[in-house]
Amino acid sequence: GALCDVDETSVAIVRNRIGATERKTVTAMGFRVIIQLILLGICAIILVLAASLEVTPDSTDKVNLGGWTLPELCQSKRIFGIDCPGCGLTRSFIYMAHGEASAAFSIHPTGALMFVGVVIAIPFLATNAIWIYRGNRSLVSELGISVIVLVVTVMIAVQWIFRLVT
């Protein structure tokens, strides 16, 4: 009947639209997988650097790489003479990478927790990349990521304020 009569042009248009949608979906999926792999690489680099660096034995404010003391990067400390909210994060990561958790917590407690988060992130990001590649949704939502970032930011700010007033 009339319901079954479909011209070839209509079929071609529908096929092209479906193909375009599939290409967009594959492209978006590929982009999300690439983002997961980039983040995984960044986490791995952070851990390798933390393991490669060492806190200077004669001064806990400086770090060494292969015997070379690296210059202080905190401009707040250099210009104003006060620690910024992130002061101690690098040293905390270094201590954690070398298995010195108590030293890491004393330098920057949030940094020690962030280090654990980076370690956990590596298998999570690898699993998530595979999960997305197989056509599934991400294991964590954008809201979940936003909440994590907000919590870490508040922790760093509270710790910084506490250090300023004590």
Side-chain angles (χ1 to χ4, degrees), residues 6-55 63 65-66 70-77 83-101 103-105 107-163:
V6 178
D7 64 4
E8 300 232 0
T9 306
S10 298
V11 171
I13 290 170
V14 169
R15 283 187 182 147
N16 284 338
R17 287 186 181 161
I18 291 172
T21 303
E22 287 175 0
R23 281 192 299 276
K24 286 180 184 175
T25 304
V26 168
T27 303
M29 178 192 64
F31 179 73
R32 288 191 299 268
V33 169
I34 289 169
I35 293 298
Q36 299 299 303
L37 295 175
I38 288 171
L39 291 172
L40 183 129
I42 290 169
C43 288
I45 289 169
I46 288 169
L47 294 180
V48 168
L49 283 173
S52 301
L53 294 168
E54 61 182 25
V55 177
V63 295
L65 177 61
L70 301 178
E72 187 173 316
L73 299 176
C74 182
Q75 297 304 310
S76 173
K77 196 169 194 171
D83 289 348
C84 73
C87 277
L89 282 173
T90 301
R91 290 173 284 144
S92 181
F93 268 61
I94 294 168
Y95 280 130
M96 287 295 287
H98 291 271
E100 300 177 43
F105 274 98
I107 293 284
H108 202 296
T110 306
L113 296 173
M114 288 171 63
F115 180 88
V116 172
V118 170
V119 170
I120 292 170
I122 289 179
F124 175 80
L125 289 166
T127 303
N128 203 32
I130 293 167
W131 189 253
I132 294 168
Y133 180 76
R134 291 183 178 166
N136 300 303
R137 288 180 167 253
S138 176
L139 295 172
V140 64
S141 67
E142 289 180 18
L143 176 63
I145 293 170
S146 299
V147 167
I148 292 169
V149 169
L150 178 64
V151 167
V152 170
T153 303
V154 168
M155 288 173 62
I156 289 173
V158 167
Q159 177 181 317
W160 181 60
I161 292 167
F162 179 77
R163 285 192 173 178

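The neighbour count for Gln75 CD, taken as heavy atoms of other residues, nucleotides or ligands under 6.0 Å away, is above 12.
In this structure, CD1 in Ile35 is found 12.5 Å from CG in Leu40, a value given to the nearest 0.5 Å. Note that CG of Leu139 is 7.5 Å distant from CD1 of Ile132, once rounded to the nearest 0.5 Å. Between the OH atom in Tyr133 and the CG atom in Leu37 there is a gap of 11.0 Å [rounded to 0.5 Å]. One finds the CG atom of Leu125 at 11.5 Å from the CD1 atom of Ile38 (value rounded to the nearest 0.5 Å).
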What do the steps show when you test Phe105 against Leu113 for side chain to side chain contact (heavy atoms under 4.5 Å, CB included), and what is the final call? CA-CA 8 Å; Phe105 274 98; Leu113 296 173; 4.1 Å; yes
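Here the closest heavy-atom approach between residue Arg163 and residue Cys87 is recorded as NH1-O, 4.3 Å. The minimum heavy-atom distance linking Phe93 with Ala50 is given by the pair O-CB, 3.7 Å. When all heavy atoms of His108 and Ile156 are compared, the closest pair comes out as CE1-CG1, 4.2 Å.
Within the 4.5 Å cutoff, the side chain of Leu47 has heavy atoms near those of the Ile122 side chain. Between Leu70 and Leu53 the shortest side-chain heavy-atom distance falls below 4.5 Å.
At distances below 3.5 Å, not a single donor-acceptor pair connects side-chain atoms of Ser138 with backbone N or O atoms of Ser141. Using modelled atom types, one side-chain atom of Trp160 and one backbone atom of Asp83 make a donor-acceptor pair closer than 3.5 Å.
Listed by chain and residue number, nothing satisfies the side chain to side chain donor-acceptor pair (under 3.5 Å) test with Ser92 (two or more places apart in sequence, or in another chain).
Using modelled atom types, one finds no donor on one side chain facing an acceptor on the other under 3.5 Å when comparing Glu54 with His98.
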